[in-house]
Amino acid sequence: MDPLPPSFYDRDALAVAADLVGAVVAHAGVRLRITEVEAYRYPGDTANHARMGRTPRNAPMWGPPGHAYVYLCYGLHHLLNFVTGPPGHPAAVLVRAAEPLDGLDLVQARRSPPGARPKVGPVLLTGPGKVAQALALNTSHSGAPLSGPLAVYTRETTPALLSGPRVGIDYAEQADREAPWRLAAADSKWVSVRRGLHPIP
DNA sequence: AACACGATGGACT
DNA sequence: GTCCATCGTGTTA
């Protein structure tokens, strides 16, 4: 099975996000089914990291679609995004939660403190920092194509979707805080925050 | 050169 | 529900 091609990502971030729910992301011995994502659009999205223009950190967002944008949040968590849209259009989709498909032992090892009992269940992968940690991703992977060691594959079935406001963007303008650009798989318990999510008509 | 803060997660009440 | 660790980044001076 081939990774999703760059053309898959060369669309509006919200459309890409909808098609990524249920897709598979793989890296470093772990394969995950993506269960929750958020779209960060451009222009006019005051929650977007690129809202103030190009910086060294967000540079991958300005490049071609189908690449990773990974950054450090709160000084300790790495967050994984997929760049969407053509070059010069800095939009992305944040991966917020996933279900384990393969490499559960590696996920548990990476997500549990040394010596602690391995964690079990959704606590392993419900949250964007958890997903990147489980995949062993850090800022060195920012800008990497999604067709190499880090890769994304098409979903086999299309899950029903839930949508709701994005999480952790209190700094954004009200319209952007309220925009229902967080999407989740209705069939999954591996979702970070149920609150505010509703079926899409 | 200094500074404020964040697309979070875990521990705790 | 509350508190806060922890540091790269962007902004301001």
Side-chain angles (χ1 to χ4, degrees), chain A residues 9 12-14 16-18 20-21 25 32 34-63 67-85 89-98 100 107-143 162-184 189-197:
Chain A
Y9 303 92
D12 180 84
L14 186 58
V16 176
L20 280 171
V21 177
V25 59
L32 307 176
I34 297 169
T35 55
E36 181 185 343
V37 296
E38 284 177 354
Y40 288 85
R41 307 170 85 182
Y42 189 91
D45 180 359
T46 58
N48 189 322
H49 275 186
R51 63 192 178 280
M52 299 299 287
R54 181 173 182 143
T55 68
R57 181 178 68 159
N58 69 29
M61 294 182 73
W62 297 82
H67 290 248
Y69 165 49
V70 183
Y71 71 95
L72 182 63
C73 185
Y74 290 99
L76 56 166
H77 306 299
H78 294 281
L79 274 60
L80 170 65
N81 301 256
F82 303 143
V83 175
T84 71
H89 183 96
V93 176
L94 169 69
V95 182
R96 286 195 52 89
V107 172
Q108 288 177 322
R110 291 167 183 164
R111 287 279 300 121
S112 306
R117 284 184 55 177
K119 300 176 194 259
V120 182
V123 69
L124 284 169
L125 290 168
T126 52
K130 301 175 185 180
V131 172
Q133 185 179 20
L135 290 168
L137 294 171
N138 55 61
T139 54
S140 76
H141 300 96
S142 196
L162 308 176
S163 73
R166 294 172 293 178
V167 177
I169 54 165
D170 290 350
Y171 57 86
E173 288 180 4
Q174 181 177 351
D176 297 327
R177 289 198 308 267
E178 296 177 346
W181 296 343
R182 182 162 70 106
L183 303 174
K189 292 179 179 174
W190 298 61
V191 172
S192 68
V193 187
R194 238 348 128 133
R195 177 165 176 88
L197 290 177

TODO: Specify the closest pair of heavy atoms between A:Leu32 and A:Ala98, including all atoms of both residues, with the distance to one decimal.
DONE: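 Smallest interatomic distance, heavy atoms only, reads CB-CB, 3.7 Å.
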TODO: Mind checking A:Leu94 for me? I need base, sugar-phosphate or nothing, with any heavy atom below 4.0 Å counting as a touch.
DONE: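 Base, at least one base atom sits under 4.0 Å.
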Task: Working for ring-ring contact (aromatic ring centres under 6.0 Å, His included), residues A:Tyr40 and A:His49 - done: CA-CA 8 Å; A:Tyr40 288 85; A:His49 275 186; 7.3 Å; no
Task: Any donor-acceptor pair under 3.5 Å from A:Thr46 side chain to A:Glu173 backbone - done: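 Here the side-chain-to-backbone pair exists.
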Open item on the list: Is it the case that the side chain of A:Arg96 and the backbone of A:Pro128 share a donor-acceptor pair, with hydrogens and angles ignored and the cut-off at 3.5 Å?
Closed with: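 Not at all, since once roles are kept as given, no pair shorter than 3.5 Å links the two residues.
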Open item on the list: Using whole Å, what does the distance between atom C1' of nucleotide C:dG10 and atom CE of A:Met61 come to?
Closed with: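 Value for this atom pair: 15 Å.
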Open item on the list: Reading DNA chain B from 5' to 3', where do the contacts with chain A start and stop? Cut-off is 4.0 Å to heavy atoms.
Closed with: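 Range of nucleotides within reach of chain A: B:dG6 to B:dG10.
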Could you tell me the separation between the [atom1] atom of [X] and the [atom2] atom of [Y], rounded to the nearest 0.5 Å?
X: A:Leu197; Y: A:Ser192; atom1: CG; atom2: OG; answer: 7.5 Å
X: A:Leu80; Y: A:Lys130; atom1: CG; atom2: NZ; answer: 16.0 Å
X: A:Gln108; Y: A:Leu125; atom1: CD; atom2: CG; answer: 10.0 Å
X: A:Thr84; Y: A:Tyr69; atom1: OG1; atom2: OH; answer: 13.0 Å

Polar pairs (N or O, both sides) under 3.5 Å between protein and nucleotides 1-7 of chain C?
| unit_1 | atom_1 | unit_2 | atom_2 | d |
| --- | --- | --- | --- | --- |
| C:dT6 | O2 | A:Tyr74 | O | 2.4 |

Open item on the list: Side chains of A:Arg110 and A:Gln133 only: does a donor on one sit below 3.5 Å from an acceptor on the other?
Closed with: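 No, A:Gln133 and A:Arg110 have no side-chain donor paired with an acceptor closer than 3.5 Å.
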Open item on the list: Assess, by modelled atom type and distance only, whether the side chains of A:His67 and A:Tyr9 contain a donor and an acceptor separated by less than 3.5 Å.
Closed with: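 A:Tyr9 and A:His67 do not have a side-chain donor-acceptor pair below 3.5 Å.
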Task: Proximity to DNA chain B (any heavy atom under 4.0 Å), residues of residues 169-181 of chain A only - done: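 Those residues are A:Ile169, A:Tyr171.
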Task: Watson-Crick or G-U stems of DNA chain B, 3 or more pairs, under 3.5 Å, by first number - done: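 Stem list for DNA chain B: B:1-6 with C:7-12, B:8-12 with C:1-5.
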Task: CA sep, side-chain torsions, deciding dist, call: A:Met61, A:Ser142, side-chain contact (heavy atoms from CB on, under 4.5 Å) - done: CA-CA 10 Å; A:Met61 294 182 73; A:Ser142 196; over 6 Å; no
Task: Qualifying salt bridge (Lys or Arg N to Asp or Glu O under 4.0 Å) pairs with a residue from residues 45-60 of chain A, counting only residues at least two apart or across chains - done: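 Residue pairs with at least one partner in residues 45-60 of chain A: A:Asp45-A:Arg166.
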Task: Presence of salt bridge, A:Asp170 and A:Arg177, under 4.0 angstrom - done: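 Between A:Asp170 and A:Arg177 there is no salt bridge, as every charged N stays at least 4.0 Å from the carboxylate O atoms.
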TODO: May I ask you to check whether over 12 heavy atoms, not counting those of A:Arg194, lie within 6.0 Å of atom CZ?
DONE: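 Counting neighbours around CZ of A:Arg194, more than 12 heavy atoms of other residues, nucleotides or ligands fall under 6.0 Å, so yes.
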Task: Given DNA chain B, 5'-ward residue of the pair A:Val123 and A:Val93, judged by closest heavy atom - done: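 Looking at DNA chain B, the more 5' nearest nucleotide goes with A:Val93.
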Open item on the list: A side-chain contact here means heavy atoms from C-beta on lying under 4.5 Å apart; do A:Tyr71 and A:His78 qualify?
Closed with: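 Result no, sub-4.5 Å side-chain heavy-atom pair not found.
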TODO: For DNA chain C, find the residues of residues 49-59 of chain A with a heavy-atom distance under 4.0 Å and give them by number; none if there aren't any.
DONE: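 Heavy-atom contacts with DNA chain C come from A:Met52, A:Thr55, A:Pro56, A:Arg57.
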